[in-house]
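Within every chain, numbering begins at 1; the chains are lettered A, B, ... in the order of the sequence lines, protein sequences first and strands thereafter. Heavy-atom basis, side chains included; hydrogens, waters and symmetry copies ignored.
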2 protein chains.
Amino acid sequence: MNIIRYPNPDEWDALLKRPTLNSEDLNETVREILNRVRTEGDKAVRDCEEQFDKVRLDNLQVTPEEFDEAEKLTSIELKAAILLALNNIKTFHSAQRFETKKVTTLPGVTCWQKAVAIEKVGLYIPGGMAPLFSTVLMLATPAQIAGCKEIILCTPPDREGKIHPAILYAAKVAGVTRVFKIGGVQAIGAMAYGTTTVPKVYKIFGPGNQYVTAAKQQVSLRDVAIDMPAGPSEVAVLADETANPTFVAADLLSQAEHGRDSQSLLITTSESLLEQTAQEVERQLQALPRKEIASCSLDHSKLILVKNTEEALQMVNRYAPEHLIIETRDYAELAEKVVNAGSVFLGSYSPESAGDYASGTNHTLPTNGYARAYSGVSLDSFIRKITFQEVTQEGIRTIGPAIEIMAANEYLDAHKNAITVRLTDKK
Amino acid sequence: MNIIRYPNPDEWDALLKRPTLNSEDLNETVREILNRVRTEGDKAVRDCEEQFDKVRLDNLQVTPEEFDEAEKLTSIELKAAILLALNNIKTFHSAQRFETKKVTTLPGVTCWQKAVAIEKVGLYIPGGMAPLFSTVLMLATPAQIAGCKEIILCTPPDREGKIHPAILYAAKVAGVTRVFKIGGVQAIGAMAYGTTTVPKVYKIFGPGNQYVTAAKQQVSLRDVAIDMPAGPSEVAVLADETANPTFVAADLLSQAEHGRDSQSLLITTSESLLEQTAQEVERQLQALPRKEIASCSLDHSKLILVKNTEEALQMVNRYAPEHLIIETRDYAELAEKVVNAGSVFLGSYSPESAGDYASGTNHTLPTNGYARAYSGVSLDSFIRKITFQEVTQEGIRTIGPAIEIMAANEYLDAHKNAITVRLTDKK
């Protein structure tokens with residue numbers, strides 16, 4: 001890890017720079033696969049599965065028997081853990097339900113918003129190193145609470161054509177309606193365009209490698225909405241001398257193990273905490289199975305010493321971390337001043353792992369500084385707020401003349417006329 | 001207008017097809033201009049203004065004197081109309097404020113969301129046929145209510161380097177902090193990357209021609225968020241025999257005058273209303289200054305006769321119109337069943353013009369079927385909901401074991417360890 005002491009504010013931007021990703025090269029490959037899926041449907045999907053996941057599938061959809069088998073194969077303790085997490089995620093996301101409030105802006109002019117679920121959503125769960133059943137819970141649970149009618153999930157099969165049992169178990173308990181054994185770009189294409197087997201959805205959610213990310217971007221330009229732009233995962237820990245270096249080190253490492261391009265920052269006011277944390281990171285690292293990945297990620301991670309918590313907070317807001325852990329004496333006070341972050345963890349017993357799995361908050365969060373403009377996934381991500389208005393004859397008499405003047409000044413005479421015919425109506 | 005009677009459901013998709021836009025051709029031109037703005041900043045912006053808006057500007061930012069002059073040049077009646085609209089927009093959008101609710105998912109585990117304004121937003125207001133001061137109100141008002149610190153606005157100057165007075169007046173009263181005389185792709189580039197004069201923003205809002213639309217898309221891939229994807233404007237009127245054909249015709253025409261690619265649909269259960277409306281459209285059209293544009297748009301507009309309001313509503317939900325006007329006896333009941341629409345206008349005295357200007361609802365809405373997945377602009381568009389969580393020692397003892405099991409099953413040992421160090425801490 002790189003240690004930086006008391007950097008000058010004009011060095012901050014360089015210091016907080018994230019590794020840039022170049023996806024230009026793979027855009028052409030991705031475009032080609034998407035085109036094949038669009039024109040050839042299921043045939044292209046099956047061919048791609050054979051080519052990339054090395055398995056020839058007759059049936060792309062997971063059967064009820066496979067769900068039953070998955071449930072048997074998942075240990076009782078894991079099932080219990082998943083249900084505990086599911087319950088907390090349900091509690092937190094249910095509390096996000098939007099209640100319609102009718103607003104009378106002027107007598108006879110009533111306006112309101114109504115939350116309506118997106119009818120069809122698609123979730124993507126990558127294969128690779130880890131079976132991300134936790135992400136299944138994070139995406140399917142709010143979709144179900146919102147009331148989405150069709151919640152489909154695509155995830156790549158292994159070479160035997162199987163899906164990890166915990167993914168299927170999580171999908172079942174969280175309310176996924178159908179699971180398809182499709183990975184990568186072909187999964188994104190199938191959900192964006194629809195095939196004979198896979199229904200076209202209106203919004204696609206979920207993480208993925210750079211090919212999946214590029215595919216989501218491409219289909220989002222015209223065909224379907226996506227959850228948010230993607231980037232490497234990151235954490236910033238803001239700590240003072242009251243923090244426990246063992247905890248801080250564990251938190252930095254839990255981010256670092258995600259991937260080689262993950263970034264962990266410690267921003268602290270305490271030289272002693274900084275040094276102890278550096279030692280602790282080194283010590284804990286040795287015991288990790290993913291030591292090699294974490295080491296690589298730590299190479300571009302930083303321990304930064306600053307003058308005071310005020311400055312630390314400014315730096316955090318400049319960086320706009322996906323995850324922010326505040327382990328200081330006055331964390332509640334500092335939390336009030338957070339402007340740019342995805343999810344904030346307060347105090348010594350709120351590690352990122354809590355939100356990643358089971359506290360109830362969502363773990364699909366804006367990375368790469370996108371927290372400046374984007375929220376993480378929440379119930380909002382699965383609904384639209386449709387506006388309604390009801391204007392009475394009295395109402396149109398009140399606001400009509402102003403509308404006529406405005407429309408005339410924008411040279412939109414038909415807009416004006418839609419008011420005039422109502423104001424002059426003899427009824 | 002095209003009249004279609006009792007179409008078969010399997011013809012609906014073809015019938016409801018929107019004109020497709022091909023923006024591939026101009027992407028290269030747009031990319032080039034964006035690159036120039038990114039690398040050369042203000043110089044590129046000034047050169048582009050000279051090239052495209054035919055004016056050489058020394059000062060890109062509108063001065064206080066220009067604001068004063070604009071106020072004098074705007075008529076008293078237009079100012080009053082703008083203030084009435086502003087007041088209603090404020091009332092409706094203020095009611096959308098999000099209130100934090102702390103949720104205890106389990107004892108010692110507290111989670112909440114907090115709405116925080118996006119710090120810097122950029123609004124684009126096109127030049128062209130109409131001075132869209134109404135759009136200034138629609139975008140700046142919620143930005144100000146949200147608490148955005150920097151609300152900048154770019155709009156192209158005329159050949160004398162001036163901005164329409166009503167745009168400046170609206171910008172001033174709605175809380176825009178700075179206005180720049182920059183149009184087109186160069187405006188989007190300046191706001192996305194920042195120049196010496198123009199601050200970089202985190203989210204860009206507003207309409208524009210196909211070049212502006214393509215530029216917003218390109219910068220949204222990496223640099224900045226945008227309000228929503230754009231497409232031609234559209235209305236669907238759902239009416240029965242109780243509707244007034246004069247009103248319905250005026251509503252269809254007010255959409256048709258927007259542009260040659262606008263689309264107006266009437267979906268009705270009444271043959272007689274259909275015929276009277278067709279005649280009324282013809283009659284009202286003759287008196288319109290924008291007759292030629294409206295005619296062109298009417299060429300691809302449709303009057304559709306269906307069996308009953310149930311079928312009409314199914315067709316509406318399939319189409320997912322930006323604007324939906326329901327003029328039927330039982331409009332309140334039908335409104336409950338609307339699933340896909342941007343903004344809904346209920347009854348005979350709620351024309352689209354009301355929402356376009358002054359009822360209080362926003363007129364920046366999802367076009368092109370995007371209403372299936374996107375909401376219109378609202379207060380939500382200018383905030384992020386940051387999640388917070390505070391877990392106590394008791395809390396981590398409750399949920400910690402489940403997290404350890406889940407993390408271990410995702411092969412994320414450092415995530416597990418961040419819990420273990422806290423559970424085994426002797427303190």
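Contacts between B/L137 and chain A at a heavy-atom distance below 4.5 Å involve the side chain alone, from C-beta outward. Residue B/F382: no heavy atom, backbone or side chain, is found under 4.5 Å from chain A. Proximity to chain A (any heavy atom under 4.5 Å) is restricted, for B/A371, to the backbone atoms N, CA, C and O. At a 4.5 Å heavy-atom cutoff, the contact between B/T392 and chain A is made by backbone atoms alone. With a 4.5 angstrom heavy-atom cutoff, A/L288 touches chain B only via side-chain atoms. Heavy atoms of B/N409 lying under 4.5 Å from chain A belong to its backbone as well as its side chain. Proximity to chain A (any heavy atom under 4.5 Å) is restricted, for B/V109, to the side chain, taken from C-beta onward. Proximity to chain B (any heavy atom under 4.5 Å) is shown, for A/I204, by neither the backbone nor the side chain. Contacts of B/V103 with chain A are made by side-chain atoms alone, with heavy-atom separations under 4.5 Å and no backbone atom involved. Of the atoms belonging to B/P229, not a single heavy atom falls under 4.5 Å from chain A. Residue B/E404 does not touch chain A at all, counting heavy-atom pairs closer than 4.5 Å. For chain A, no part of B/F98 is nearby; none of its heavy atoms comes within less than 4.5 Å. Of the atoms belonging to B/K385, heavy atoms from both backbone and side chain fall under 4.5 Å from chain A. At a 4.5 Å heavy-atom cutoff, the contact between B/R290 and chain A is made by side-chain atoms alone. With a 4.5 Å cut-off on non-hydrogen atoms, B/A85 touches chain A through its side chain but not through its backbone.
How far CH2 of A/W112 is from CZ of B/F92: 9.5 Å, rounded to the nearest 0.5 Å. To the nearest 0.5 Å, atoms CD1 (B/I419) and OG (A/S353) are separated by 4.5 Å. The structure places CG of A/D356 at 9.0 Å from CD1 of B/I403, a figure rounded to the nearest 0.5 Å. Residue A/Q284 holds its CD atom at 12.0 Å from CG of B/D413, rounded to the nearest 0.5 Å. The distance from atom CG of B/L84 to atom OG1 of A/T398, rounded to the nearest 0.5 Å, is 9.0 Å. Atom CG in A/L285 sits 11.0 Å away from atom CG in B/N417 (nearest 0.5 Å).
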Anything under 3.5 Å between a donor and an acceptor, one on a side chain of residues 114-121 of chain B, the other on a protein residue two or more places apart or in another chain? List them.
residue	atom	partner	partner atom	Å
B/K114	NZ	A/E336	O	3.1
B/E119	OE1	A/N340	ND2	2.8

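The closest donor-acceptor contact from the side chain of A/R384 to the backbone of B/V339 lies under 3.5 Å. Not a single donor-acceptor pair under 3.5 Å links the side chain of B/T105 to the backbone N or O of A/N88. A/Q389 contributes no side-chain N or O that, together with a main-chain N or O of B/S359, makes up a donor-acceptor pair within less than 3.5 Å. In terms of modelled atom types and a separation under 3.5 Å, the side chain of A/S254 and the main chain of B/H415 share no donor-acceptor contact. Listed for the B/E410 side chain is no donor-acceptor partner under 3.5 Å among the backbone atoms of A/A130. Panel note: side chain B/Q217, backbone A/L221; a donor-acceptor pair is recorded below 3.5 Å. At least one donor-acceptor pair under 3.5 Å links the side chain of A/S350 to the backbone N or O of B/V391.
Most heavy-atom pairs under 4.5 Å with chain B: of the set A/Y374, A/Y331, A/Y370, this distinction falls to A/Y374. Put simply, of B/T91, B/L253, B/T361, the one with the most heavy-atom pairs under 4.5 Å next to chain A is B/T361. Interface summary for chain B: among A/A408, A/A418, A/A407, A/P351, the most heavy-atom pairs under 4.5 angstrom belong to A/P351. Among B/Q96, B/K101, B/K90, the residue making the largest number of heavy-atom pairs under 4.5 Å with chain A is B/Q96. Chain A forms more heavy-atom pairs under 4.5 Å with one residue of B/G108, B/A256, B/A225 than with any other, namely B/A225. Taking B/G355, B/S378, B/S343 one by one and counting their heavy-atom pairs under 4.5 Å with chain A, the maximum is reached by B/S343. Heavy-atom pairs under 4.5 Å with chain B peak, among A/T420, A/I386, A/I399, at A/I386. Among B/A354, B/A166, B/A287, the residue making the largest number of heavy-atom pairs under 4.5 Å with chain A is B/A354. When A/V344, A/T246, A/L346 are compared by the number of non-hydrogen pairs under 4.5 Å with chain B, A/V344 comes out ahead. Among the candidates A/G376, A/A335, A/G360, A/G347, the residue making the largest number of heavy-atom pairs closer than 4.5 Å to chain B is A/A335.
The shortest side-chain heavy-atom distance between A/T387 and B/N362 does not fall under the 4.5 Å cut-off. Using a 4.5 Å cut-off on side-chain heavy atoms (C-beta onward), B/Y357 and A/L412 make contact.
Using a 4.0 Å cut-off between charged nitrogen and carboxylate oxygen, A/R422 and B/D251 count as a salt-bridge pair.
At a cut-off of 3.5 Å, with distance as the only test, no side-chain donor of B/E390 or A/Y349 sits close to an acceptor on the other residue.
Under the rule for a side chain to side chain contact (heavy atoms under 4.5 Å, CB included), the partners of B/S75 that lie at least two apart in sequence or sit in another chain are B/E77, B/L78.
Closest approach of B/S134 to A/M406, counting heavy atoms only: CB-CE, 4.4 Å.
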